[in-house]
Amino acid sequence: MMRPFISEATYTKKDFRKARLPKGDYENCTFINCQFQEGYLDNQLLVDCHFQDCDLTNTNLAHTQFNNVTFTSCKLVGLRFETCDPLLLTISFTECNLTMSSFYEVCLPNTVFDRCKLHQTDFTGAELVQCSFYGCDLDKALFDRTNLSKADLRTALHFNIDPTRNTITKAKFNREALLGLLKKYDIVVE
């Protein structure tokens, strides 16, 4: 059975919790103030799509391909991005809440996290080479075996990154934030 191809459609204030988004290939589509929480956005192909003010809390993303997809002011709590299709995975986030989401072993080079709340977000084993965390709050975010080479954390807040357990070669930090690299040593810097 051939999947439908949907191009340049706009979905505004749609509730996809009960009547799920039909499986298909979506290109250049926009989702504004839509509800997906606790529902399904699995097995989709999303190319050049934009989500604005949507709630995707605990949504199933299994096998969905996100190719150049942007999220702006969205609630993305508890999402498991490691279940997505890794092929051509390119996403960006602006002013999103990604609390308790997981990027376990996900490859996301050059990804932009702009002014996002990333509390308790799991980046274990993730490839975050050249990622930007502009003004992000990384309180209790988990970094373990994470590749942060050339990542920009100069304006990131509340992070705790152990340099002995993560790759931080050429990563950028501001002087005030360097304590986030030393927390495991329980030292006092005045």
Side-chain angles (χ1 to χ4, degrees), residues 26-34 36 41 44-57 59 61 64-161 166-178 180-181:
Y26 294 84
E27 187 174 310
N28 289 310
C29 292
T30 303
F31 299 86
I32 301 168
N33 200 15
C34 293
F36 293 91
L41 189 61
Q44 303 284 10
L45 173 61
L46 300 163
V47 178
D48 297 323
C49 292
H50 180 70
F51 290 79
Q52 170 78 45
D53 297 310
C54 293
D55 188 344
L56 289 92
T57 298
T59 298
L61 305 175
T64 291
Q65 190 176 98
F66 291 99
N67 183 352
N68 196 34
V69 174
T70 60
F71 295 91
T72 305
S73 300
C74 290
K75 188 173 180 184
L76 306 165
V77 174
L79 294 187
R80 296 186 58 219
F81 287 93
E82 68 268 16
T83 66
C84 296
D85 186 335
L87 182 67
L88 303 173
L89 178 62
T90 48
I91 46 183
S92 65
F93 306 94
T94 302
E95 297 181 339
C96 291
N97 182 353
L98 288 137
T99 297
M100 294 187 292
S101 287
S102 176
F103 293 92
Y104 180 79
E105 295 186 348
V106 174
C107 185
L108 287 172
N110 302 302
T111 298
V112 173
F113 296 90
D114 183 6
R115 295 165 287 151
C116 293
K117 182 178 180 181
L118 295 157
H119 291 190
Q120 300 176 33
T121 301
D122 187 358
F123 292 107
T124 300
E127 289 289 325
L128 302 176
V129 176
Q130 291 187 320
C131 284
S132 299
F133 293 91
Y134 297 120
C136 290
D137 187 348
L138 293 156
D139 190 39
K140 296 186 179 98
L142 181 59
F143 293 95
D144 187 37
R145 300 178 341 278
T146 307
N147 187 348
L148 290 158
S149 298
K150 299 182 182 177
D152 188 344
L153 291 114
R154 289 177 290 181
T155 58
L157 304 168
H158 308 121
F159 60 85
N160 182 4
I161 299 171
N166 298 281
T167 304
I168 59 170
T169 307
K170 304 241 186 229
K172 298 173 186 170
F173 301 92
N174 73 28
R175 291 181 197 271
E176 292 76 31
L178 287 178
L181 298 173

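Below, each value reflects all heavy atoms present in this structure, side chains not excepted, and no hydrogens, waters or symmetry copies.
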Distance-only, no hydrogens or angles: does the [X] side chain make a donor-acceptor pair with backbone N or O of [Y] under 3.5 Å?
X      : Y      : result
Asn166 : Thr146 : yes
Ser92  : Val112 : no
Thr167 : Asn147 : no

So, applying ring pair (Phe, Tyr, Trp, His ring centres under 6.0 Å) with Phe51, which one of Tyr26, Phe31, Phe66 is it? Phe31

Between Thr30 and Gln52, is the side-chain contact (heavy atoms from CB on, under 4.5 Å) condition met? List the steps. CA-CA 8 Å; Thr30 303; Gln52 170 78 45; 5.5 Å; no

Do [X] and [Y] have side-chain heavy atoms sitting under 4.5 Å apart?
X      : Y      : answer
Pro109 : Gln130 : no
Phe81  : Ile91  : yes
Leu153 : Ile161 : yes
Thr124 : Arg145 : yes
Leu108 : Leu89  : yes

Could you please spell out the steps behind the side-chain contact (heavy atoms from CB on, under 4.5 Å) verdict for Leu79 and Thr59? CA-CA 6 Å; Leu79 294 187; Thr59 298; 4.0 Å; yes

Could you pull out the closest heavy-atom pair between [X] and [Y], with the gap in Å?
X      : Y      : value
Thr72  : His50  : OG1-CE1, 2.9 Å
Ser101 : Gly78  : OG-N, 3.4 Å
Thr155 : Tyr134 : OG1-CA, 3.3 Å
Asn174 : Arg154 : ND2-O, 2.6 Å
Thr94  : Arg115 : CG2-NH2, 3.6 Å

Just verifying a value: how many Å separate [X] [atom1] and [Y] [atom2], rounded to the nearest 0.5 Å?
X      : Y      : atom1 : atom2 : result
His119 : Asp139 : NE2   : CG    : 5.0 Å
Ile32  : Cys54  : CD1   : SG    : 8.0 Å
Phe103 : Thr121 : CZ    : OG1   : 7.0 Å
Phe113 : Leu98  : CZ    : CG    : 6.5 Å
Met100 : Lys140 : CE    : NZ    : 11.5 Å
Cys107 : Glu82  : SG    : CD    : 14.0 Å

Report the C-alpha separation of Arg80 and Leu61 in whole Å, then their side-chain angles, then the decisive distance to 0.1 Å, and conclude whether the side-chain contact (heavy atoms from CB on, under 4.5 Å) test is met. CA-CA 7 Å; Arg80 296 186 58 219; Leu61 305 175; over 6 Å; no

Yes or no on side-chain hydrogen bond (donor to acceptor under 3.5 Å, both in side chains) for Asp53 and Asn33, after CA distance, side-chain angles and deciding distance? CA-CA 5 Å; Asp53 297 310; Asn33 200 15; over 6 Å; no

So, do Phe133 and Phe159 have ring centers that fall under 6.0 Å from each other?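 Centroid separation for Phe133 and Phe159: 6.0 Å or greater.
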
Phe143 vs Leu138, test: side-chain contact (heavy atoms from CB on, under 4.5 Å). Steps then yes/no. CA-CA 10 Å; Phe143 293 95; Leu138 293 156; 4.1 Å; yes

Using the side chain to side chain contact (heavy atoms under 4.5 Å, CB included) definition, which of the options Thr70, Asn28, Asn67, Val69 pairs with Asp48? Asn28

